[in-house]
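What follows is one structure encoded as structure tokens, with my remarks underneath.
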Amino acid sequence: MSDWYRPYEGYLFDLDGTLVDTAPDINVALNHSLTAAGFAPVSENHTRHWIGHGARILIKEALAHQTYKGDMEAQLDAMLPVFLDYYSDHHAHHSTAYPTVVDTLQTLHARGARLAVVTNKVTHLSELILDTLGLSEYFDSVVCGDTTPKPKPDPAPVQYCLRELQITPEQALFVGDSNTDVGAARNAGTNIVCVRYGYNQGQDVSQLDVDGVIDTFSELL
């Protein structure tokens, strides 16, 4: 881990598991798509381990968990629209910003830092959640899973965001919760800290190639 603890010109945040606890609503939508297709529902705990690579991979993980042996791609093609439609209509019934997130964003924004979201969630769902929870006003850029040709851990979303914020990699800190975020940050040349409480696919984030680990969001200050 390196000496990351300093003010930055820009802060790039993952969304699910970093800014917002979205797992309860994602789990309901996932189970809606599963049961509509004749599969058993899955626990929220399982869903928390699968979040981070986009909706299609989420559903694929759920099907693999149930040892589905059929045509996976065709099944995903059928289930994905069902999931997305339901989640669009029920995106923030139970989702909430994590403790100290709003106060920290307000403080960083007031200091003049440029703030952004870099997520693998698709654009319309990301914007819906940020708008519904009153977070949109803090961000100068929102880069999503469908913004660039490849999502995180590819560097393209981070590089796109840095261009929008007009800052260099050295001037930015990425704040995430998983190896997906670590890969994107490292590939793009930014420092990266991970929150301990997020969706980390069962990995101990302190064992990843991070510059630091924080237990509460306000530690960024």
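Side chains are part of it too, since the values below use all heavy atoms of this structure and drop only hydrogens, waters and symmetry mates. One-based numbering along the sequence shown.
- Rounding to the nearest 0.5 Å places CG of D131 at 10.5 Å from CD of E137.
- L105 CG to L19 CG: the interatomic distance, rounded to the nearest 0.5 Å, is 6.0 Å.
- The side-chain heavy atoms of V193 and E219, taken from C-beta on, include no pair separated by under 4.5 Å.
- Between the side chain of S95 and the backbone N or O of A92 there is no donor-acceptor pair closer than 3.5 Å.
- Distance OG1/T22 to NZ/K121: 5.0 Å, rounded to 0.5 Å.
- One finds no salt bridge joining D16 and R48 here, because no Lys/Arg side-chain nitrogen approaches an Asp/Glu carboxylate oxygen to under 4.0 Å.
- Classification of the H32-Y86 ring pair by plane angle, with boundaries at 30° and 60°, yields parallel.
- Within the 3.5 Å criterion, the main-chain N or O of A156 finds no donor-acceptor partner in the side chain of K150.
- Using a 4.5 Å heavy-atom threshold, the side chains of P153 and T180 count as touching.
- The closest side-chain heavy-atom distance from D71 to Q75 is not below 4.5 Å.
- Using cut-offs of 30° and 60° for the angle between ring planes, the H46 and W50 rings count as parallel.
- Across every non-hydrogen atom of F83 and I26, the tightest pair is CE1-O, 3.8 Å.
- At least one donor-acceptor pair closer than 3.5 Å links the side chain of Y197 to the backbone N or O of T18.
- Outside the 6.0 Å centre-distance limit, the rings of F13 and Y138 are not counted as a close aromatic pair.
- Counting all heavy atoms, side chain and backbone alike, C161 lies closest to A116 at SG-CB, 3.2 Å.
- Within 6.0 Å of the CD atom in Q166, the count of heavy atoms belonging to other residues, nucleotides or ligands does not exceed 12.
- In this structure, the separation between OG on S136 and CD1 on I129 is 10.5 Å, given to the nearest 0.5 Å.
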Side chain to side chain contact (heavy atoms under 4.5 Å, CB included) assessment of L63 paired with L76:
CA-CA 9 Å; L63 292 174; L76 292 173; 4.0 Å; yes

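- Side-chain contact between L12 and L165 is present, with at least one heavy-atom pair separated by less than 4.5 Å.
- The line from CG of N179 to CD of Q203 is 5.0 Å long, rounded to the nearest 0.5 Å.
- Scanning all heavy atoms of the two residues, the minimum distance from N191 to R6 falls at ND2-NH2, 4.1 Å.
- Under the 3.5 Å distance criterion, with hydrogens and angles disregarded, a donor-acceptor pair is assigned to the side chains of D204 and S206.
- Within the 4.5 Å cutoff, the side chain of T148 has no heavy atoms near those of the Q159 side chain.
- Between the side chain of N187 and the backbone N or O of D154, no donor-acceptor pair lies under 3.5 Å.
- Counting only heavy atoms from C-beta outward, the side chains of H53 and Q201 approach each other to under 4.5 Å.
- The nearest pair of heavy atoms linking I192 to D209 is CG2-O, 3.9 Å.
- A distance of 12.0 Å separates CG of D25 from CG of D89, quoted to the nearest 0.5 Å.
- Contact detail for D181 and G176: the closest heavy-atom pair is OD2-CA, 3.4 Å.
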Apply side chain to side chain contact (heavy atoms under 4.5 Å, CB included) to residues T104 and S218 and explain how you reach the verdict.
CA-CA 6 Å; T104 302; S218 58; 3.7 Å; yes

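- N200 places no side-chain N or O within 3.5 Å of a backbone atom of S178 that could act as its donor or acceptor partner.
- Between L135 and the options V142, L15, L130, a side chain to side chain contact (heavy atoms under 4.5 Å, CB included) holds for only L130.
- Side-chain contact check for D21 versus H94: every heavy-atom pair is 4.5 Å or farther apart.
- Closest approach of V122 and C144 over heavy atoms only: C-CB, 3.9 Å.
- Applying the 6.0 Å contact sphere to CZ of F39 captures more than 12 heavy atoms from other residues, nucleotides or ligands.
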Starting from the C-alpha separation in whole Å, work towards a yes-or-no answer on side chain to side chain contact (heavy atoms under 4.5 Å, CB included) for L221 and L108.
CA-CA 8 Å; L221 303 176; L108 291 172; 3.7 Å; yes

Residues V42, Q66; criterion side chain to side chain contact (heavy atoms under 4.5 Å, CB included); working and verdict
CA-CA 9 Å; V42 296; Q66 303 199 29; 3.7 Å; yes

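- Contact annotation: the side chain of L162 approaches that of P169 to within less than 4.5 Å [non-hydrogen atoms, C-beta and beyond].
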